[in-house]
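Counting convention: from 1, in listed order, for ligands and their atoms alike. Numbering of residues begins at 1 and proceeds along the displayed sequence.
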Amino acid sequence: MTLEQAPRERLSRQLAEAVGEALRSDLAERESVLLVISGGSTPVPFLRALADMPLPWSRVEVTLADERWVSESDDDSNARLVREHLLQGEASQARFVPLTSDAATPEQGVAEVAERISGLAWPASAVVLGMGGDGHTASLFPDSRELDLALSTDEPVVAVRTPSQPQPRISLSADRLHQAYRHFLHITGEAKRDVLGKALAGDDTRALPIRAFLASPLGIYWAP
Ligand SMILES: O=C(O)[C@H](O)[C@@H](O)[C@H](O)[C@H](O)COP(=O)(O)O
């Protein structure tokens, strides 16, 4: 990693090193560990850098903070993003657990997905969150009618529909996202920095759901 690298590349590598160190540290105490990652476009260089980290990947479990309810062949699939950018080389030995099922809708699939992720190595070693320009994180969207449920339930996953997104989604609930030893936020650009600044200056979580994660330690990784 050199100063000549673009800031976002350098940031991604620093985040990958921090997450790799978290996993390595927990693996000294536990047979297997869990990493929860977000989808979208920001994580791509981070996932590629993480895949290069020297880890006993066969002891690492990976799942998603949320997912669009589409098939893995769909360009919008977060599971596809994970398989293409993280589960490569040595990291292909990781045990990846996706958040979709064969059910037609997330409402029909939510019980199966909850059962499937219940056996993972919770509490997660790390949750890596992203954030949208509306202050959403995972699929906790301010304009979603399921937001109150997602913020209050002790169920692990919630089916989510929101006018601002083209596809139905499934999301880990805030309660389940909090079940981790470490939380990281990976954002880039001035607009998201300004949204984060607004979130830090207020407390209405329904308006900016990222606020649900600002009251506990959070490693904020931001580059211009
Ligand atoms: O499925 C998703 O889209 C993510 O989990 C979502 O919460 C993402 O982190 C933000 O929407 C930011 O997305 P970008 O990185 O594409 O801006």
ask   = Under the salt bridge (Lys or Arg N to Asp or Glu O under 4.0 Å) criterion, do Glu67 and Arg169 qualify, and how do the steps go?
value = CA-CA 6 Å; Glu67 178 61 284; Arg169 292 185 171 219; over 6 Å; no
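- Between Ala138 and ligand 1, at least one pair of N/O atoms sits closer than 3.5 Å.
- When only interatomic distances are considered, the shortest N/O to N/O separation between Asp66 and ligand 1 falls below 3.5 Å.
- Of all protein heavy atoms, the one closest to atom 10 (C) of ligand 1 is His136 NE2, 3.4 Å.
- With salt bridges taken as basic N to acidic carboxylate O contacts below 4.0 Å, none links Arg13 and Glu9.
- If you check which protein heavy atom lies closest to atom 15 (O) of ligand 1, you get Thr42 OG1, 2.6 Å.
- Scanning Gly40, Gly132, Pro209, Gly189 for the heavy atom closest to atom 13 (O) of ligand 1 points to Gly40.
- Ligand 1 does not have Glu67 within reach: every non-hydrogen atom of the residue lies 4.0 Å or more from it.
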task = Might you work through the salt bridge (Lys or Arg N to Asp or Glu O under 4.0 Å) test for Arg161 and Glu107, ending with a clear yes or no?
result = CA-CA 10 Å; Arg161 293 179 184 263; Glu107 290 82 2; 2.7 Å; yes
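- Ligand 1 does not have Ala65 within reach: every non-hydrogen atom of the residue lies 4.0 Å or more from it.
- Between Leu81 and the options Leu47, Asp75, Leu64, Asp76, a side-chain contact (heavy atoms from CB on, under 4.5 Å) holds for only Leu47.
- Between Arg169 and ligand 1 there is a heavy-atom distance shorter than 4.0 Å.
- Remark: ligand 1 atoms within the under-4.0 Å shell around heavy atoms of Asn78 are 1 (O), 2 (C).
- For Ser77 (side chain) and Ser73 (main-chain N/O), no donor-acceptor pair under 3.5 Å exists by modelled atom type.
- Panel note: side chain Ser118, backbone Glu115; a donor-acceptor pair is recorded below 3.5 Å.
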key: Criterion ring pair (Phe, Tyr, Trp, His ring centres under 6.0 Å) on Phe46 and His85, from CA distance to verdict   = CA-CA 9 Å; Phe46 155 65; His85 301 295; over 10 Å; no
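- Counting only heavy atoms of the protein, atom 8 (C) of ligand 1 lies nearest to Gly39 O, 3.9 Å.
- Near Lys192, meaning under 4.0 Å from one of its heavy atoms, ligand 1 places the atoms 12 (C), 14 (P), 15 (O), 17 (O).
- Between Asp26 and Arg182, at least one side-chain N (NZ, or NE/NH1/NH2) sits under 4.0 Å from a carboxylate O, which counts as a salt bridge.
- Of all atoms in ligand 1, listed by their number and element, those nearer than 4.0 Å to a heavy atom of Gly130 are 9 (O).
- Shortest contact from atom 12 (C) of ligand 1 to any protein heavy atom: Met131 O, 3.4 Å.
- Counted by atom type alone, Ser171 and Asp66 present zero donor-acceptor pairs between their side chains at under 3.5 Å.
- Distance from atom 3 (O) of ligand 1 to its nearest protein heavy atom, with residue and atom name: Arg68 NH2, 2.7 Å.
- Distances between N or O atoms of Ser41 and those of ligand 1 include at least one value under 3.5 Å.
- With Lys192 contributing its side chain and Gly132 its backbone, the two residues share no donor-acceptor pair below 3.5 Å.
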